[in-house]
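A short write-up of the structure that comes next.
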Amino acid sequence: MPELPEVQTVVTMLQPLVGRTIQKALVLHKPTVSGSAEKLERLRARKIERIHRRGKYIRFDLAGGQGLLIHLRMTGWLGELSADEKRPRIDPYIRVRMPLDDGRQHLVFSDIRTFGRVWYGAREALDAHRSMQALGPEPLEITVDDFTRRLKSHRGRVKPLLLNQSFLAGVGNIYADESLFAAGIHPLADASRLGAARAAQLHAAIQAVLNASIAAGGSSVENFLRPDGESGWYQRELRIYGRAGTPCTRCGGIVKRIVVGQRGTWFCGSCQKR
DNA sequence: ATCTATTCCTGGCTGC
DNA sequence: TGCAGCCAGGAATAGA
């Protein structure tokens, strides 16, 4: 599922679209568009000025102060296809199709489970959207001091806190487990009681894990494909996520799976202390 | 403030 | 082999 590294991979690979023009939008599945699908279908000839990321959201800045906001959720895919191109994992699930320039190429949003969402409107309105306003700091930008302070001010368990987008924007289930494993912290540990040294370890672990995954083009777990249709590589580097019953790569203990906050959670009971 | 359950959805897996 | 039933989970929401 797309988390920060996967979304960053998408944004990086879509940069060649900057300067090109979205001619119009065809909505094939109305619930994918938040607000009004008809409004998006009235879009005409907007040049793409910038493509960037905030948390797990993708933002297209369009000419005239307009913008598109896209969340891939579980199975969303965003990329450029020629108008008649067929790809078995993408084509049957196309929800929004946006012809570019002369119409020979299309920017396509495809999504198997239809959890993904597209918003269209004035950039200020997109920025003011409740879910954007609520986003916490970027995990690759926050300083260790700020991170430690924020951890201390929350009373709950550390794993659900890492998944909370108001606490930190962009970490999801895979990278929460990988980061906690790398830092040697139990997923049920009380966040406010971690102490400065362990908070610093967690901060470093989150940044190292996210950066390593970005360098690998993300993890292809549960359908994620890059805009070019290829897989990322980081799923091969996962050390704890999804490895229940296998030996821990650090200490040889057996990896456990529990459920925390309705999320599958993998950890090593021997080297992740509470 | 924090936690839990529910909803959305469908491909893929398990078990009979 | 065929099919029913269940599972995965990000985020919004409701309720405890």
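Just so we're on the same page: letters track the sequence lines, and every chain starts at 1.
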_Would you call the rings of Phe147(A) and His203(A) parallel, tilted or perpendicular, taking 30° and 60° as the class edges?_
tilted
*Could you state the atom-to-atom distance from OH of Tyr93(A) to C1' of dC9(B) in whole Å?*
12 Å
*Provide, to the nearest angstrom, the distance between the CG atom belonging to Leu162(A) and the P atom belonging to dC3(B).*
12 Å
_Residue-phosphate contact under 4.0 Å: Ser131(A) side-chain N/O, dA12(C) OP1/OP2_ = yes
Output a table of donor-acceptor pairs, distance under 3.5 Å, between side-chain atoms of residues 180-194 of chain A and any protein atom two or more places apart or on a different chain; print 'none' if there are none.
{"residue": "His186(A)", "atom": "ND1", "partner": "Leu188(A)", "partner atom": "N", "Å": "3.0"}
{"residue": "Asp190(A)", "atom": "OD1", "partner": "Ser192(A)", "partner atom": "N", "Å": "3.1"}
{"residue": "Asp190(A)", "atom": "OD1", "partner": "Ser192(A)", "partner atom": "OG", "Å": "3.0"}

*Look at all strands and tell whether Arg95(A) reaches a base, only sugar-phosphate, or nothing, counting heavy atoms closer than 4.0 Å.*
nothing
_Difference in axis direction between the ends of the helix from dT2(B)-dA16(C) to dC16(B)-dG2(C), five pairs, 10°_ = 50°
*Send over the distance from Ile258(A) CD1 to dG9(C) C1', rounded to a whole Å.*
16 Å
*OP1 or OP2 of dA8(C) sitting under 4.0 Å from any side-chain N/O of Tyr241(A)?*
no
*Return the orientation label for the Tyr57(A) and His71(A) ring planes: parallel under 30°, perpendicular over 60°, tilted otherwise.*
perpendicular
*Side-chain donor-acceptor pair under 3.5 Å between Tyr93(A) and Thr75(A), yes or no?*
no
*Taking the side chain from Gln66(A) and the backbone from Tyr120(A), do they hold a donor-acceptor pair closer than 3.5 Å?*
no
*Are Glu38(A) and Lys30(A) within salt-bridge range, i.e. N to O under 4.0 Å?*
yes
*Leu163(A) CG to dT4(B) C1', straight-line distance once rounded to whole Å*: 15 Å
*Is there a donor N/O on one and an acceptor N/O on the other, under 3.5 Å, for the side chain of Arg73(A) and the base of dA11(C)?*
no
*Nucleic acid contacts of residues 148-157 of chain A, taken as heavy-atom distances under 4.0 Å to DNA chain B*: His154(A), Arg155(A), Gly156(A), Arg157(A)
*Using whole Å, report how far CZ of Arg117(A) lies from P of dG9(C).*
19 Å
*Assign each of Arg130(A) and Gly264(A) to its nearest nucleotide of DNA chain C by heavy atoms, then name whichever residue's nucleotide is nearer the 5' end.*
Gly264(A)
*Please give, in whole Å, the distance from dG9(C) C1' to Met74(A) CE?*
4 Å
_Hydrogens and angles aside, do Asp145(A) and Thr143(A) bring a side-chain donor and acceptor to less than 3.5 Å of each other?_
no
*Specify the separation, in whole Å, of atom CD1 of Ile112(A) and atom P of dC7(C).*
20 Å
*Consider the side chain of Trp266(A), meaning its heavy atoms from C-beta on, and name the nucleotide among dG9(C), dG11(B), dA11(C) that approaches it most closely.*
dG9(C)
*Under-4.0 Å side-chain N/O to phosphate OP1/OP2 contact, Gln262(A) with dG9(C)*: no
*asked:* Counting distance alone, no hydrogens or angles: does the base of dG9(C) have a donor or acceptor under 3.5 Å from a partner atom on the side chain of Arg113(A)?
replied: yes
*So, does Asp177(A) use its side chain to make a donor-acceptor pair with the main chain of Trp266(A) at under 3.5 Å?*
yes
_If we ignore hydrogens and angles and just use 3.5 Å, is the side chain of Arg97(A) paired with the main-chain N or O of Val108(A) as donor and acceptor?_
no
*Over how many whole Å does the gap from His29(A) atom NE2 to dC9(B) atom P extend?*
7 Å
*Under 6.0 Å from the CZ atom of Arg155(A), do we count more than 12 heavy atoms belonging to anything else shown?*
no
*Whether Phe115(A) stacks on the six-membered ring of dA11(C) base, 5.5 Å and 30° limits*: no
*Could you say whether Arg263(A) or Pro160(A) is positioned toward the 5' end of DNA chain B, judged by the nucleotide with the nearest heavy atom to each?*
Pro160(A)
